Amino acid sequence: MNIVVVVRQVPDLIEPLEIVPTGDALDLDTASFILNESDDHALEQALLLKEAGGGSVTVVALDFGDVDNTLYTAVAKGADRIVKIACDGDTPPAARDSAAVYAEAIKPLEVELVLVGVQAHDELDGGLSPFLAAALELPYVGVIRGVKAGDASGTITACKEFPGAVMARMSVKLPAVLGILGADQPPRYVPVSRIRGAMKTAQFEESAATLAAGELLLSVSRLYPPAPATRAEMLSGSEEEIAGRIAEILAEKGLVK
Amino acid sequence: MSAQDVLVLAESRGDALADVTFELLAAGRELARATGGEVLAVVLGPGGAAHAPALAVADRIIAVDDPRLAEYSPEPFASALREVVEAEQPRAVLIASTSIGWDVAPLLAARLDAPLATGCQEICLDGDGLMVTASFCGGKMLAECRVAASPAILMMLPGSYRPTDETGKGELEQRKPAAPLEPGAIAFEQWIYPEAGDVDITQQDVLVAVGRGIQQHDNVELAEELAQALGGAVCASRPVVDQGWLPATRQVGKSGMIVKPKLYLALGVSGAPEHQEGMKGAELIIAVNTDPKAPIFDVAHYGAEVDMLDLMPALSEAIAARKG
Ligand SMILES: Cc1cc2nc3c(=O)[nH]c(=O)nc-3n(C[C@H](O)[C@H](O)[C@H](O)COP(=O)(O)OP(=O)(O)OC[C@H]3O[C@@H](n4cnc5c(N)ncnc54)[C@H](O)[C@@H]3O)c2cc1C
């Protein structure tokens, strides 16, 4: 099966997030970027499908943030081709605009299955994956945890998550786009030496697709950290002191007898 | 039908409406009061009309019946909803951020070339547009966004609005899709339920929840010891389950379990909206996190900025000492 995986860079939430002086965007100059978690799962799922049934995995990304490292890591994990799309400017494009350029880059690849993370935490205008499916005029289902080859050729089965650890098993006729939430296995670890090896041997393919800004349907006027009405009463001291205080609170509430 | 109406997608699970539907209806009522329009509730699938009494907050309840809507699959659902939206031309379409919502809302927006906003917590009228306040970056930021065009497709975060007692006209209209619904290339096959036998975390009074801060599989044992000292069970956020360190039946949140224990001890959990959805209702929440800005502290009653790996053994000991 020929699989394309789209991977995105997102700000690392472990680092403090800064806002630009105009107050309407994140200050990405101060952010550090990581691979979007559900895209990492999408890549893992693609590699598992390839290992089980053959085919190829092509990873496509906008040239943004720390993307080179992400793409080399993908090769070290087992991806066959890495494709970069030029992305000028210092902010990532809206999901719809990205979908249009990814679609342009993906169309010539004769793809059977496109896997994209179902969500990126810096998106405000919705899922890239369904927009990409619409742009490619392919069927779409998202919130998928686990994909297997189907019983009939040209099909796969995908498990869609519902509340309460319940899944709906869906049969999917290919070609299709899936929004991945989790792979059948956690994303694999790859040693730094293998990534270094990939840096020496792997070649980027530059896509001819060009990013164009579409109509602005959603505009951010203000960004701010939430100021909730209530906030936890913070306990301070050493671990032992905090543990003692928690035990005391639990005893007061009758939760430890 | 009016360009000032607010349309709400009412989701059902089995025979009952999803709780979030009532929150969306309350949001719809509030917005419709500002626009001067009506609230329309759309329920898809055979038997949808039976939900009409429960949807009386709406002015009109549009029940679309077709055998292809009996179980969820994206194409028939998105097509049926699109037909209603195109016929009614509402100002806004409110869809919950659920498993189904994450498919149909963007598909609808793409097909109608309509704006889409995700993570919406608040909506209000802003001149001839709408202003939404949306959560992003895992709940660490809020964004005020202006949505200019109609219909605005708004994906609402569960827990953002309180259900209302208000009632609308409650008129039921039963419809069939004008054109037969295409099955699409993606078909529902069967439900897969979690294997019985594991602890039912929804029935526990005390839950020790571990998030990515647990760092390694081996450390789960420290949480197990603490849960044992407290007479409770260990549960987890999604990344811990994704790693295979705990079974899916222990996951709390949007796609996991909704829990309301007497004590929820959240250790190394950031408190993303999808996690909060499952635990906000706990009677007492104590959060431990090394990041003082973690959103979990916004819902916790008590918090401590400390390493969970140090705290867990100290707390197990403190509890044991109290028990004597
Ligand atoms: C459709 C959909 C459904 C989802 N469903 C769910 C769901 O059901 N349940 C769920 O949980 N998530 C769900 N998610 C994922 C959710 O968005 C978050 O990614 C997830 O909740 C984050 O888990 P976390 O808090 O453990 O990890 P992180 O967000 O990475 O947070 C880890 C936290 O640990 C803290 N930390 C690190 N080390 C330590 C230490 N030594 N001591 C103390 N603190 C430490 C960090 O400061 C950080 O705050 C869903 C997402 C989507 C898109």
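A, B, ... follow the sequence lines: proteins, then strands. Residue 1 opens every chain. Just so you know, these numbers come straight off a predicted model, no measurement behind them.
- In summary, the side chains of B:Glu71 and B:Trp191 do present a donor paired with an acceptor at a separation below 3.5 Å, with no hydrogens or angles considered.
- In terms of non-hydrogen atom pairs under 4.5 Å with chain A, the most contact-rich of B:Val306, B:Asp242, B:Val147, B:Val104 is B:Asp242.
- With a threshold of 4.5 angstrom between heavy atoms, A:Glu123 approaches chain B through N, CA, C or O but not through any side-chain atom.
- Interface residue A:Ala168: backbone and side-chain heavy atoms are both found under 4.5 Å from chain B.
- The candidate from B:Ala314, B:Gly303, B:Ala318 with the greatest count of non-hydrogen atom pairs under 4.5 Å with chain A is B:Gly303.
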Worksheet entry | Criterion side-chain hydrogen bond (donor to acceptor under 3.5 Å, both in side chains) on B:Glu122 and B:Ser160, from CA distance to verdict | CA-CA 7 Å; B:Glu122 235 182 282; B:Ser160 301; over 6 Å; no
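- Panel note: side chain B:Arg146, backbone B:Asp126; a donor-acceptor pair is recorded below 3.5 Å.
- Summarising the geometry of B:Phe297 relative to B:Asp291, their closest heavy-atom pair is CE1-O, 3.3 Å, with the distance given to 0.1 Å.
- Highest contact tally toward chain B, considering only A:Ile246, A:Val220, A:Val141, A:Asp122, is held by A:Val141 [criterion: heavy-atom pairs under 4.5 Å].
- Contact count versus chain A (heavy atoms, under 4.5 Å) is highest, among B:Gly138, B:Gly119, B:Gly184, B:Ser255, for B:Ser255.
- Using a 4.5 Å cut-off between heavy atoms, B:Ser73 touches chain A through backbone and side chain atoms alike.
- Of the atoms belonging to A:Leu181, heavy atoms from both backbone and side chain fall under 4.5 Å from chain B.
- Both the backbone and the side chain of B:Asp113 have a heavy atom closer than 4.5 Å to some heavy atom of chain A.
- Only the side chain of B:Leu284 comes within contact range of chain A, with at least one heavy atom under 4.5 Å from a heavy atom of that chain.
- Contact record, A:Arg8 with A:Gly117: NH2-O, 2.9 Å, taken as the closest heavy-atom pair.
- Ranking B:Ala105, B:Gly129, B:Pro74 against chain A, the residue ahead of the rest is B:Pro74, based on heavy-atom pairs under 4.5 Å.
- A salt bridge links A:Arg231 with B:Asp298: the distance from a Lys NZ or Arg NE/NH1/NH2 to an Asp or Glu carboxylate oxygen falls below 4.0 Å.
- Contact annotation for B:Ile286: only side-chain heavy atoms (C-beta onward) come within less than 4.5 Å of a heavy atom of chain A.
- A donor-acceptor pair under 3.5 Å links the side-chain atoms of B:Thr118 to the main chain of A:Leu124, judged by distance alone.
- Only the side chain of A:Thr157 comes within less than 4.5 Å of a heavy atom of chain B; its backbone N, CA, C and O stay farther away.
- Ring geometry for B:Trp245 against B:His217 counts as parallel: the plane angle stays under 30°, on a 0 to 90° scale with 60° as the upper cut.
- Note: A:Phe33 and A:Phe64 meet the aromatic proximity criterion, with ring centroids under 6.0 Å apart.
- Residue B:Gln121 does not touch chain A at all, counting heavy-atom pairs closer than 4.5 Å.
- Residue A:Glu161 forms a side chain to side chain donor-acceptor pair (under 3.5 Å) with just one option from B:Gln251, B:Lys254, B:Arg238, and that option is B:Arg238.
- In this structure, the portions of B:Met141 lying under 4.5 Å from any heavy atom of chain A include both its backbone and its side chain.
- If you tally non-hydrogen atom pairs under 4.5 Å between each of A:Phe162, A:Tyr140, A:Phe131 and chain B, the highest count goes to A:Phe162.
- Heavy-atom pairs under 4.5 Å with chain B peak, among A:Arg169, A:His121, A:Arg96, at A:Arg169.
- With a 4.5 Å cut-off on non-hydrogen atoms, A:Leu174 does not touch chain B at all.
- A salt bridge links A:Asp40 and A:Lys77; the closest N-O separation between the charged side-chain nitrogens and carboxylate oxygens is under 4.0 Å.
- Counting non-hydrogen atoms of neighbouring residues, nucleotides and ligands closer than 6.0 angstrom, the CD atom of B:Gln228 reaches no more than 12 such neighbours.
- Of all the listed residues (B:Ala114, B:Ala321, B:Cys120), the one sharing the greatest number of non-hydrogen pairs under 4.5 Å with chain A is B:Ala114.
- Residue B:Lys293 touches chain A through its backbone alone, counting heavy-atom pairs closer than 4.5 Å.
- If you check the side chains of B:Glu182 and B:Ser79, you find no donor sitting under 3.5 Å from an acceptor.
- Between chain B and the options A:Ile19, A:Val10, A:Leu13, heavy-atom pairs under 4.5 Å are most frequent for A:Leu13.
- Between the side chains of A:Gln45 and A:Asp184, at least one donor-acceptor pair of N or O atoms lies under 3.5 Å.
- Residue B:Ala78: no heavy atom, backbone or side chain, is found under 4.5 Å from chain A.
- Listed here is the closest heavy atom pair of B:Gln204 and B:Pro261: O-CB, 3.4 Å.
- Contact count versus chain B (heavy atoms, under 4.5 Å) is highest, among A:Glu240, A:Lys253, A:Met167, A:Lys173, for A:Met167.
- Looking at A:Ser171, the atoms closer than 4.5 Å to chain B (heavy atoms on both sides) sit in the backbone and in the side chain alike.
- Of the atoms belonging to A:Leu216, not a single heavy atom falls under 4.5 Å from chain B.
- Neither the backbone nor the side chain of B:Met312 has a heavy atom closer than 4.5 Å to any heavy atom of chain A.
- Heavy atoms only, all atoms of each residue included: B:Ala236 and B:Leu246 are closest at CB-CD1, 3.7 Å.
- Heavy-atom pairs under 4.5 Å with chain B were tallied for A:Val118, A:Thr155, A:Leu17, A:Ile14; the largest tally goes to A:Leu17.
- Of the two parts of A:Leu138, neither the backbone nor the side chain holds a non-hydrogen atom closer than 4.5 Å to a non-hydrogen atom of chain B.
- Interface residue B:Pro292: only backbone heavy atoms are found under 4.5 Å from chain A.
- Ranked by heavy-atom pairs under 4.5 Å with chain A, the first of B:Pro313, B:Cys145, B:Gly278 is B:Cys145.
- Contact annotation: the side chain of A:Gln9 approaches that of A:Asp66 to within less than 4.5 Å [non-hydrogen atoms, C-beta and beyond].
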